[in-house]
Number of protein chains: 2
Amino acid sequence: MHVRRPATLASLAAELGVSRTTVSNAYNRPDQLSPELRRRVLETARRLGYPGPDPVARSLRTRKAGAVGLLLTENLSYAFRDPAAIGFLEGVALACEDSGQGLLLVPASPEREDVAAVHRAGVDGFIVYSVPDDDPHLAAVLERPVPTVVVDQPELDNVDRVGIDDRAAVTQIAQHLIELGHRRIGVVCMRLARDRNDGFVTVDRQHAAHFHVQRARLEALATAFAAANVDWTTVPVVERFDHNTACGSSAAAQLLDRDPHLTALICTSDILALGALAEARRRGLRVPQDLTITGFDGIPEAERAGLTTVRQPVLEKGRAAGKLLVNAADHTRPRTVTLSTELVIGTSSAAPRMSEERWFGP
Amino acid sequence: MHVRRPATLASLAAELGVSRTTVSNAYNRPDQLSPELRRRVLETARRLGYPGPDPVARSLRTRKAGAVGLLLTENLSYAFRDPAAIGFLEGVALACEDSGQGLLLVPASPEREDVAAVHRAGVDGFIVYSVPDDDPHLAAVLERPVPTVVVDQPELDNVDRVGIDDRAAVTQIAQHLIELGHRRIGVVCMRLARDRNDGFVTVDRQHAAHFHVQRARLEALATAFAAANVDWTTVPVVERFDHNTACGSSAAAQLLDRDPHLTALICTSDILALGALAEARRRGLRVPQDLTITGFDGIPEAERAGLTTVRQPVLEKGRAAGKLLVNAADHTRPRTVTLSTELVIGTSSAAPRMSEERWFGP
DNA sequence: TATTGGTTCTGGACCGTTACGGTCACTCCA
DNA sequence: TGGAGTGACCGTAACGGTCCAGAACCAATA
């Protein structure tokens, strides 16, 4: 049995009686050799089954991988079911496509704390999207000597950042509800740390949250409602580790079971809010007359449902991250891109009913 | 200005006075050296800022890239907006994650016929999803000396394949409509080739279609309806290059403008069917009383809308493709995985009204 | 005729790592 | 005491390219 070694640049060169450089030039710099010789090279390549220069060897020599790594520590299934995450992914993919870069999804499940995948990724840079700030994968990325862009993460030394002003956005929602007269509110938030805690959240846990975005939103809510004389320690906050409408429903149920007098539920994502809407419907509560519900993200489903929410430009976020990385070499870092958001007032928020308001009357 | 060259295995080894092999072993084969020396190596690495073995150099040496390439020649924005494509992507990602492989999205816009990205992709194999069979990117992939899996594509020599039985699935739809009594039908299909043709499709173009799936579906429809004594050449078929609900609407409009007596519209995707539903509503046509509409794919939105459609396991399709590739070395090829589909009868199909049926009466 | 300039091709260094097949010292046991 | 066995480490040879400085050749110019 003769196992034919695949042809290489060297074997092609030998066959043709030219130097390796010349063969290389035939592929990469056609102007560096005569058309006739080039034709011969390519023809012989075809004859010998030479598939063209090996991409890995080329990357080693040129120090360019031609790809960008994307780290979503999120369980992939959740990422692919969250329209906001998909929008982000699309934005990144578009930016990469524009610049001819590949996009490498780095496998990093939260369970398996296997950082090896980060070490093995042949990429020219990383985009890190919404991972806990103590994530070992993130730490591994930061050790790699390539430019990095973090998205929806706290600032880090010498790392570009893309995000929105979560505090300002959430404060708008809070103001909206405060102006409507809501004082008895409940909050549904996404996971705050790597450990699972499906239930009520202490204030300590809120402050210690490792997901920057969630922490910022809760803190901004606390500040805004404190200014309206609502004691934040009395505001029930429920956390859900997973991110889907079922979680939103059960979280809403948990809040309403504890305190049926709540007049508004603030959810830190549209997905959760849609679940909360379903739970309200199930209980026969009219939205917004009996219960106000707000979301966050501005996904199409939310818009269709008439949810009051904050629209954030998820696609632009991805695109901005991609662009930042692609021309990272040209600029001094760190740079920060803060995208603008917009409060969308839908039909899921209104003033609380009088019977509820009286709790705060004279 | 002193530009510090980043540390390498060799420089680390020199600093420590050990061989490069030993440093390599410190990272890859801890059992090959004493714990004490290993500790020293890693400590010195930290001190020198050595980030661990270079992934590209390692790939070159080990002949493993640790990643799978995914080729979606589709314009990315369409892929990320098509729930079926997203489901597929998720399946592939899951399979990759399971085996610790990265997933590289190869940038290949249909406009730019730039095949270089395929040549530059450092991957151990390719998955090719629903591209025209004359696509230059596909040709480039086939030239690369790595295993390949094609999905929703015609069979190719020595290439694994994943798909469904499109003919059988579409035949079920046709039978369903025929049994209901429909004879005046119109068809809305996705793009048939790389050139844009938003409008009616000749039978020639149907047979020459370069998108295998679309061709198979049209041919199966033709066969099934011919068996029911419907002359296929009289059946209007409208093609849309892009893939969104707006296209479905305009295509339905085009069909109904041409022949208001159509009793059923068969769409080759749910997205198109949802658009057709919207157009019917706009025209005041009741579905299914005045017009039957069917889709294909079984996306959640379709289910919600009560569409009669064929459900295909898109996630499984992705997962199967990923698995096939991951253990491609273990098996002789080619292998074919054909996944099963299921006719879902919703509320968008019913018998045509008598007034229409009479056209075919005695 | 010598010089210049341009095109075409070459040789060798280098990219940073891992595979492979050793060597060497030391222990163990008959 | 000597031979086998074992653990720890090393040297060399790839892996498959690209880069760079220059050589060889030829035609045009001074």
Side-chain angles (χ1 to χ4, degrees), chain A residues 4-42 44-45 48-66 116 119-124 144-146, chain B residues 3-41 44-45 48-66 116 119-124 144-146:
Chain A
R4 185 148 77 86
R5 296 293 320 257
T8 70
L9 212 120
S11 65
L12 230 195
E15 173 82 15
L16 282 157
V18 301
S19 77
R20 300 203 307 282
T21 303
T22 299
V23 178
S24 175
N25 284 336
Y27 285 95
N28 304 318
R29 266 185 282 259
D31 58 312
Q32 293 292 306
L33 72 174
S34 63
E36 158 60 13
L37 179 54
R38 180 170 135 92
R39 200 195 50 69
R40 265 181 58 218
V41 170
L42 298 182
T44 309
L48 264 52
Y50 175 63
D54 181 282
V56 175
R58 168 186 283 159
S59 285
L60 174 60
R61 181 66 240 237
T62 60
R63 322 277 325 140
K64 295 240 164 305
H119 290 138
R120 284 190 355 196
V123 296
D124 300 323
R144 292 273 309 258
V146 293
Chain B
V3 178
R4 188 147 78 84
R5 296 293 320 257
T8 71
L9 248 184
S11 65
L12 231 194
E15 173 82 15
L16 282 157
V18 301
S19 77
R20 297 200 301 277
T21 302
T22 300
V23 178
S24 174
N25 285 337
Y27 286 94
N28 304 317
R29 264 186 287 256
D31 58 311
Q32 293 292 304
L33 71 174
S34 64
E36 158 60 14
L37 178 54
R38 181 170 134 91
R39 199 194 52 68
R40 266 181 59 218
V41 170
T44 308
L48 265 53
Y50 175 64
D54 181 282
V56 175
R58 168 185 284 158
S59 286
L60 173 59
R61 184 65 244 239
T62 60
R63 323 268 336 130
K64 295 241 162 307
H119 289 138
R120 284 192 354 195
V123 296
D124 299 324
R144 292 273 309 257
V146 293

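Chain letters run A, B, ... following the sequence lines, proteins first, then strands; residues in each count from 1.
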Q: Taking N and O atoms by type only, does the side chain of Arg58(B) place a donor or acceptor under 3.5 Å from a partner on the base of dT17(C)?
A: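 Looking at the base of dT17(C), it does not pair with any donor or acceptor on the side chain of Arg58(B) (distance under 3.5 Å).
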Q: Suppose we call a contact any N or O donor and acceptor under 3.5 Å apart; does that hold for the side chain of Thr62(A) and the base of dG17(D)?
A: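 Result: no qualifying N/O pair found.
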Q: Between the base of dG17(D) and the side chain of Ser59(A), is there any donor-acceptor pair under 3.5 Å?
A: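 Donor-acceptor pair under 3.5 Å: no.
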Q: If you look at every strand shown and take non-hydrogen atoms under 4.0 Å, does Arg29(A) touch a base, only sugar-phosphate, or nothing?
A: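 Touches sugar-phosphate only.
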Q: Closer to the 5' end of DNA chain D via nearest nucleotide, is it Gly17(B) or Val23(A)?
A: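 Looking at the nearest nucleotide for each, Gly17(B) comes out on the 5' side.
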Q: Please state how far atom CG in Leu60(A) lies from atom C1' in dT18(D), giving the value in whole angstrom units.
A: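 Rounded to whole Å, this separation is 10 Å.
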Q: At less than 4.0 Å, is any side-chain N or O atom of Ser24(A) found next to OP1 or OP2 of dG17(D)? Yes or no.
A: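 For Ser24(A), the contact criterion (side-chain N or O under 4.0 Å from OP1 or OP2 of dG17(D)) is not met.
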Q: For the pair made of CG in Leu9(A) and P in dG16(D), what is the distance, rounded to whole Å?
A: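 Taking atom P of dG16(D) as the reference, CG of Leu9(A) is at 11 Å.
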Q: To the closest 0.5 Å, what do you measure between CZ (Arg38(B)) and CG (Asp31(B))?
A: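 The distance works out to 10.0 Å.
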Q: N/O contacts under 3.5 Å, protein versus nucleotides 5-8 of chain D?
A:
none

Q: Classify the side chain of Arg20(A) and the base of dT18(D) as holding, or not holding, a donor-acceptor pair under 3.5 Å.
A: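 Pair found.
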Q: Do Arg61(B) and dT18(C) share a donor-acceptor pair, side chain to base, under 3.5 Å?
A: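 Present.
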Q: Can you find a side chain N or O atom of Tyr50(B) that sits less than 4.0 Å from OP1 or OP2 on dT17(C)?
A: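 Yes.
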Q: Please report the end-to-end axis angle for the helix from dT1(C)-dA30(D) to dA30(C)-dT1(D), five pairs per end, rounded to 10 degrees.
A: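 The end-segment axes of the helix from dT1(C)-dA30(D) to dA30(C)-dT1(D) are tilted 50° relative to each other.
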Q: Does Thr21(B) or Ala57(B) map to a spot on DNA chain D nearer the 5' end, using the closest nucleotide for each?
A: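 The residue closer to the strand's 5' end, by nearest nucleotide, is Thr21(B).
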Q: Please classify the nucleic acid contact of Asn25(B) as base, sugar-phosphate, or nothing, using heavy-atom distances under 4.0 Å.
A: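 Since no nucleic acid heavy atom lies under 4.0 Å of Asn25(B), the category is nothing.
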Q: How close or far is atom C1' of dC20(C) from atom CG of Asn28(B), stated in whole angstroms?
A: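 Taking CG of Asn28(B) and C1' of dC20(C), I get 15 Å after rounding.
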